[in-house]
Amino acid sequence: MQPKIHVFVKQIIQETPSVKRFVLVSKEGADLPAFSAGSHVTTFLNTAAGTLERHYSLVQAPAITDHYEIAVQLHAQSQGGSAYWHHQVSEGTELFISYPKNHFSLSFRAKHHVFYAAGIGITPFLSMMAELVAQGRSFELHYAAKSREMCAFYETLQKTYRDSCHLYLSADPDSSRMRPDGMRQQRIGTHVYFCGPETMVNQFQEAARSYGYPQQSIHFELFAPPAPMLREPFLVELWQSKRTISVGSDQSLLAALLAAGIKSPYSCRVGRCGTCAVEVLSGEVAHYDSVLSEKERAAQDVMMTCVSRAVHNKLVLSL
Amino acid sequence: MSDQLSRFPYPFNSDTYRYSNNSVLLDPPIAIEVTPEYLEEMTLKRSLLANHPNRCYQSLPHTIPAQWEIASLVLHHLHETYPEDFSLTKEGNSWTFSNHKLNETQQFVFGDVSTLPWEPLDFVGRHVQEDLILMGQRDGDLFLDAGQLCFPANWSLEFNLGMNFVEIHSPIPGFANGNLDEKIRNFIMKLEVGQPWVRRNWSLNAGKRLDASLETFHQWGQMRKQVTAENAGETVYLRVEVQKLFRLPRSHAVLFTIHSYLITLHELAQNRAYLEQLYHVLVELPAFIAEYKGMKLYKQQVIQYLEYELQKERG
Ligand code: HEM
Ligand code: FES
């Protein structure tokens, strides 16, 4: 459904024993779309088990558009994405990627930017730092890795950002640990950004809040692979209309409602405009829209009928 | 069906109308539409820009990079969609744009404002029928940072410059109910590169007037008093604004384009389904929406006219 860009792998660089950097170039030979600092792309990998969607930050400076670069860490318990990138992809491999998307953009009003990265969480900060240097704005990076060998982009960081970069090597007894308390000393107007494993991001977020950082000054990014979509048929009971209708496996709930003559407003039919929202009275919803926040999803009292479905066999709607 | 009617972006898909996010994905993903009214509307646009520069163009200083992105998008769309009428050649950063409809050629260095007679947004706006608005996305909000606006439906660019999305929409009654204003803002903030959106906004206009600016209300507002059931077919126009939303990849800002179309009720009534549906929508329309859309003074006259047309056709 989303438009895709056909690319091939021009070059593979082994950054560390477990991180490879991939240089991607357009198959059509054209420039790739420009992007903003902090952007990522979704890669679509055709594996025997179906298409795997994975998100990776673009790691080059945003001014460069003749190629994209992503960095992939091989995970021990890989569900296929990183293992595929590391073991199946070679120079010349063709694949499709999304247009760049940005869910982790730099603050415009921040007086100073402080980045905290753990491991491969360094990747979104590379384009952000390049942008801040180009704009002459102030920042610092705190980056934790196991050892020098395991520290991706070590050379680049040393060469380009030596004065703004603080490294913490956890396997090195002489090196200090990366801790949240440094955020205490920052001046007013500082924005903080976290990227790394969920535990690290949560720890730093909580600390920042406890030090009095306003919520708008705290930024973070967690990459989770999208959950595979449920496709089972299910039933919906319509409370006001006193009817029960069934939704087929290749039919949306919205389509079933309209087919049953229920006047249900809608517009985009792709889970993004929010117009088809209906109140859910009971049952568990599998949400596939991009309208609701995490909190609204968890509340389980509203759903977008054009894409979302029942987890079990039945939902009760207020319609 | 007349050519004008078959091209008209008819706005309704139901017999009732309420404020909602009525956006859909834009296919094909092209920002610009050139219609047979091009020359007429460009003449009007150019004269408004010459006589009322501050009313028609505003920008904040930090918007120049995003303006270049808009210029590039608009010029590419013109050239790729209408290659006979518009050409664009590039040698490195040195660009030449020719508008064969207006017999104009402009050479400039892309990225260097000193090589253009106007700011980039103000320049490309002079070649398209669309109004072009730049919404900056910063720190979790959207701000009106720049715009070229010649054909407003009763609002002022100068007044709205720098406002955020919710402030801009605050005059609309009921628009904040259920946080619809914030939901639509959040929807726009999630726009993605390569997936533009489109929506159709509608209202009625008494008199043929594309530039219904707030600043000149005293001139065109009077027409509302002159509408009768007898003359409504010729004096009242359905006004539809085709509004498109594009994510600008480099600046992460949003381009909002507005192409305004006018058609007389008489012309529209040639399509029986349109006639019936507009009638139902107007009869059912809540007073607060009718009032906001400025049709309170003549809505009854229009309904009478439509009723008469419906009966006439029933014979
Ligand atoms: C992001 C770019 C947008 C800008 C700059 C913008 C600007 C405006 C302005 C200036 C008005 C007139 C307000 C007044 O009375 O002073 C207006 C009205 C309105 N806008 Fe937007 N708008 C934008 C996007 C949208 C979107 C995406 C929607 C989606 C539903 C929307 C829905 C409306 C509605 C329903 C009205 C009332 C129109 C009427 O009843 O005729 N706007 N907008
Ligand atoms: S119709 Fe747009 S979210 Fe469902």
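Residue numbers begin at 1 in each chain, while the letters A, B, ... track the order of the sequences. Please read all numbers here as calculations on a predicted model, not as lab measurements. Just so you know, these numbers use all the heavy atoms, side chains as well, and skip hydrogens, waters and symmetry mates.
Neither the backbone nor the side chain of Lys183(B) comes within less than 4.5 Å of any heavy atom of chain A.
Within 6.0 Å of NZ on Lys190(B) lie more than 12 heavy atoms contributed by other residues, nucleotides or ligands. By the neighbour-count criterion of 12 heavy atoms within 6.0 Å, atom CG of Asn179(B) is densely surrounded, having more than that number from other residues, nucleotides or ligands. Counting non-hydrogen atoms of neighbouring residues, nucleotides and ligands closer than 6.0 angstrom, the CD atom of Glu91(B) reaches no more than 12 such neighbours.
Listed here is the closest heavy atom pair of Ala34(A) and Pro249(B): O-CB, 2.9 Å. The two residues Pro3(A) and Gln195(B) have their closest heavy-atom pair at CD-CG, 3.3 Å.
For the options Glu131(A), Lys263(A), Gln216(A), heavy-atom pairs under 4.5 Å to chain B are most numerous at Glu131(A).
Between the OG atom in Ser14(B) and the OH atom in Tyr266(A) there is a gap of 9.5 Å [rounded to 0.5 Å]. Here the straight-line distance linking atom CG of Leu25(B) with atom SG of Cys273(A) works out to 9.5 Å at 0.5 Å rounding. To the nearest 0.5 Å, atoms CD (Gln137(B)) and OG (Ser105(A)) are separated by 6.5 Å.
Between His191(A) and Asp139(B), the closest side-chain pair of non-hydrogen atoms falls below 4.5 Å. Taking the side chain as every heavy atom from C-beta outward, His62(B) and Phe108(A) approach each other to under 4.5 Å. Between Cys268(A) and Trp197(B), the closest side-chain pair of non-hydrogen atoms falls below 4.5 Å.
No side-chain donor-acceptor contact under 3.5 Å links Asn21(B) to the backbone of Thr275(A). A donor-acceptor contact shorter than 3.5 Å links the side chain of Ser267(A) to the backbone of Ser23(B).
The distance between the ring centers of His252(B) and Phe35(A) does not fall below 6.0 angstrom.
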